[in-house]
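Along the sequence shown, the residues carry numbers beginning at 1. Note that these values count all heavy atoms, side chains included, but never hydrogens, waters or copies made by symmetry. Quantities reported herein were computed from a predicted structural model and do not represent experimental measurements. First listed ligand is number 1; within each ligand, the first listed atom is number 1.
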Amino acid sequence: MSAVLLLLASLLFQLVAAEVVSCPDQQSYCNCSSTASVCEFILRIEYRHTFTSYKLFGSNNQQSFDGEGYFLNRSGYIPTVQQDGDCNFDDPRTRPFTGSDFTRRGCSVPMTVDGVNYRAIIAINGQIPGPTLVVTSGQTVHIRVVNSLVSQSVSIHWHGLFQKDTPWMDGVGFVSHPPIDPGSSFDYIFTAGQSGTYWYHSHVGSERADGLFGGLVLRDPDTFFEQVVRPQILPEDSSSILVDSPELHTITVIDWMREHPNDMFVKMNDSLFFFPDAPVSTVPDRSNTPHEESDLIDGTGTSAVPYWSGLINGRGRFDSNTLAPLSVFSVESNRYYRFRLVGSNAMLAFNFSIDGHTLRAIASDGSYYQPRDVEYIVIHSGERYDFILNTTNPNRGQTNFWIRAETLVDTSPRQSVLAVLSYTNGNDLDWRNGYSNIPDARPTCTSASPCRVLNCPFQQYPAGSALTCISLMNLSSLFPPPTNKLPKFPPSSSCPDCIHFLNFGFDGPRDDSFINGKSLQLPNTAYATNCAQYTSSKSIINTCDRCTVNTTSGCRCIHVIPIANAATFDPNSDEHESIIMIFSSLNSPDTHPIHLHGHNFQILYTGYGTYDSNGKVTSPSTDLVCDTVGNNICVTPRWANGTPPAGLMARVSNGRVIGSAISKDTVMVPGYGYVVIALQADNPGYWFLHCHIEFHQALGMAAIVQEYDPLQHKAPPPNINNHGSFQWSVEEFKQFQDDGSTCADSIASTGGAPTTGGISLSQTKFGVMIGVIVLLFIVVVVMAIVSCAYFVYRRKVTTRHERFR
Ligand SMILES: *[C@@H]1O[C@H](CO)[C@@H](O)[C@H](O)[C@H]1NC(C)=O
Ligand SMILES: *[C@@H]1O[C@H](CO)[C@@H](O)[C@H](O)[C@H]1NC(C)=O
Ligand SMILES: *[C@@H]1O[C@H](CO)[C@@H](O)[C@H](O)[C@H]1NC(C)=O
Ligand SMILES: *[C@@H]1O[C@H](CO)[C@@H](O)[C@H](O)[C@H]1NC(C)=O
Ligand SMILES: *[C@@H]1O[C@H](CO)[C@@H](O)[C@H](O)[C@H]1NC(C)=O
Ligand SMILES: *[C@@H]1O[C@H](CO)[C@@H](O)[C@H](O)[C@H]1NC(C)=O
Ligand SMILES: *[C@@H]1O[C@H](CO)[C@@H](O)[C@H](O)[C@H]1NC(C)=O
Ligand SMILES: [Cu+2]
């Protein structure tokens, strides 16, 4: 009886449990209830202006601060603070403690002040970064992206989500689907089957560096977290409160360019092409002084774009201006807090720390590992790190602490981005005095008790530096995959395209942005949405096949890397073809954060170059060699001795990668070093593989991985190829997924015509409607029967009671 009721309730629940998540402008998060089965969001994308030319004015219209900020109201005047409600930091209703209020319309009007220009940014729901989307693992997510930019196409990539069975929802413009044209909207629908910290960002041009990104958190189901995860990550303390509020404690960090990224990009490309001997160091900074290319402390190169400023959750300071409101994260004493750090970096890696606190690192890129207490976490573009903050410290006496993200560039003082950790809800803080009451409370590092740095881009600090590196190889996965899911090393010898050596670098006479001498040219038709075209004429898939890298230059071509191409994908199999990739940076000593879409991968091994006694890298790793052509263009990296190094083999057991090797989807390849990654090919599709440094990618340091023959890929839904305008419902999505046809099926059913998918959406809609009506009817009838039965039963019981009385 109760089972029937439960079943009915859950049926009804299924029908009503789509939640339209409230996502108003300026709210920094959109939070979907864990009980909903479908979460619906709308992201509106539009231009706004930044704060880069605001100046802050005091109450008597006196210029009381030296900042770079100007408050300008709609008529272009500089209002007094009292007059402009929109910008009044003293008014608690508008005080900017969350989101990026600098982008408020009422607060900025295009003007040039002191020769310093404002610049356009791309806002999502009125702010940068966009709101953090919070869902629970297992929910179906429906996100309508409305492109209100007047002159740019966009696409949104859901960074780290596998998009299993939905490769055309991966959001890489020109690869997953055609980008969303101005004025169009596109419905991304997928199942959030993973859990952990992810993020979303534009995958067209360099729009990400204009602000088009935000956090995306897939919560663990509560019971799983409490019963399985928590005892592992906080074994010493099972009774204290652990707060996990991703809507409040997700931290995004980005280096912020003064100029529009397109300006920067053109300068950079021009200088690469026309001034190869004096590349972007000739790009002047705002005071017109040419910048030296910035070097990391290990002597490797980093961004050729001069650092200007940085933002934590949309707020930052410029240069010597200490007078700007910063992001404030509130905590209470005697608790543990889960923080989620998102590397939305444009160009530079950051060294992250919180004064007065140790960070217990527990997860990266959506995978848990055995907790490690550290003082610093190095995070590069695309990576995420989750850590637990312990707020119990009776002797502290200090109420506010600096949250710091410093670039790894070897300058003094370090280039840094700040935010505040507050135990007082920010009540004793005043941005107008530059938060002068927050003391410097960096961790003290001594040789007796060195500070720990997670994810250094090099093997170790020079002796005597009081810092210890914890590399990704020092971490152990908390939930190792079962043995049959561990990739084999070496991969099957019958699979010729299952091992790939890929060298990332700026090679050749013009410092082109290469993978093995090839610079990616994007296809003009999105591969994932074109079954027929890309299966019938395979020669057009990989135009790099037709280009031979020679002395003059590398190749600019559609670079497709096939994996498991000759194999047959069996969705029901427990094990799939193993793939090994060796990402190296052998020719130019630059660190590159490499991201693969559609997968995470185990970190099998990291190899480093040779360092001198000052910790500066001097020569490439001797584990690999590269056959170069022309002017030092590395085209075919391989093992130096024909065999992998012993250190790598120590992480292989019984022919498989050890289970403790952690999984990530983005990994830093050290300058002059390499990283070996391993995965099983369980996800047919076209997946982007690229350096996550915005301009490296835009200049061509990217390729398209083709996993299995395109005939085995999931056919795209009809109409998706409509240049960006695409709407469908979750019901249509589910129906389409149930049909589940591959490109082979779809081509067979349409006789090879270049259309895709076997069903018509209007038919589906009708079918679904009928289905829903029938189901509702059944529910009503069954409920009627049940309530009748119950009524009769109650009467019987009552009668019996009466009789007994
Ligand atoms: C967000 O959702 C979670 C779980 O549904 C809930 O506990 C929390 O209170 C919500 N946060 C806000 C700020 O609404
Ligand atoms: C802008 O500020 C000026 C000067 O305070 C004021 O006269 C004007 O009405 C304001 N405009 C708007 C649209 O608020
Ligand atoms: C870079 O500049 C060269 C020379 O002007 C041009 O041919 C090339 O298309 C540019 N590359 C990009 C990606 O814009
Ligand atoms: C949290 O901090 C308190 C005070 O320093 C300490 O006693 C406790 O052991 C810490 N908890 C963990 C899990 O490290
Ligand atoms: C991280 O910051 C600390 C403190 O400024 C510094 O000593 C250390 O060298 C930095 N690490 C890296 C990799 O930049
Ligand atoms: C990291 O692993 C290396 C190699 O096994 C080892 O030498 C080193 O001591 C480890 N470091 C830490 C901090 O665990
Ligand atoms: C190099 O390649 C280019 C373009 O493929 C070709 O035009 C040129 O002749 C080649 N040069 C040599 C030396 O092979
Ligand atoms: Cu790079």
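Atom numbering of ligand 4 starts at 1 in the shown order; those under 4.0 Å from a heavy atom of Glu236 are 13 (C). Listed by number with element, the atoms of ligand 6 under 4.0 angstrom from any heavy atom of Asn474 are 1 (C), 2 (O), 3 (C), 8 (C), 10 (C), 11 (N), 12 (C), 14 (O). Listed by number with element, the atoms of ligand 4 under 4.0 Å from a non-hydrogen atom of Asn390 are 1 (C), 2 (O), 3 (C), 8 (C), 10 (C), 11 (N), 12 (C), 14 (O).
For the two cysteine residues Cys544 and Cys555, the thiol sulfurs sit 2.5 Å or further apart.
Protein N/O/S atoms found under 2.8 Å from the Cu ion (ligand 8): His592 ND1, Cys691 SG, His696 ND1.
Between His595 and His157, the ring-plane angle classifies as tilted under the 30° and 60° cut-offs. Between His357 and Tyr423, the ring-plane angle classifies as parallel under the 30° and 60° cut-offs. The aromatic rings of Phe339 and His249 lie tilted to each other, with the angle between the two planes from 30° to 60°. Under the 30°/60° scheme for interplanar angles, the aromatic rings of His201 and His159 are found to be tilted.
Contact annotation: for Leu234 versus ligand 4, heavy atoms closer than 4.0 Å belong to the side chain alone. Neither the backbone nor the side chain of Asp237 comes within contact range of ligand 4; no heavy atom lies under 4.0 Å.
Cys691 meets the disulfide (SG to SG under 2.5 Å) test with no other residue; sequence neighbours excluded. Evaluation of the side-chain hydrogen bond (donor to acceptor under 3.5 Å, both in side chains) rule for Thr606 yields no partner, not counting sequence neighbours.
Atom 14 (O) of ligand 6 has Arg372 NH2, 3.1 Å as its closest protein atom, hydrogens excluded (heavy atom only).
Residue Thr468 has no N or O atom closer than 3.5 Å to an N or O atom of ligand 6. Between Thr392 and ligand 4, an N or O atom pair is found at a separation short of 3.5 Å.
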Run the side-chain donor-acceptor check on residues 226-234: report pairs under 3.5 Å with partners two or more places apart or on a different chain.
from   : atom 1 : to     : atom 2 : distance (Å)
Arg230 : NH1    : Ser240 : O      : 3.0
Arg230 : NH2    : Asp237 : O      : 3.1
Arg230 : NH2    : Ser240 : O      : 2.7

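Taking a distance limit of 4.0 Å, we find that atom 5 (O) of ligand 6 is approached by no protein heavy atom. Atom 2 (O) of ligand 6 lies below 4.0 Å from at least one non-hydrogen atom of the protein. Atom 9 (O) of ligand 6 is not flagged as protein-proximal [any protein heavy atom, distance under 4.0 Å].
Interatomic distance, Ile251 CD1 to Leu341 CG, rounded to the nearest 0.5 Å: 6.0 Å. Atoms CD1 and CG, from Ile377 and Leu359 in turn, are 5.0 Å apart once rounded to the nearest 0.5 Å.
Checked options Arg442, Arg452, Arg360, Arg404; the residue passing with Glu375 is Arg452 (criterion: salt bridge (Lys or Arg N to Asp or Glu O under 4.0 Å)).
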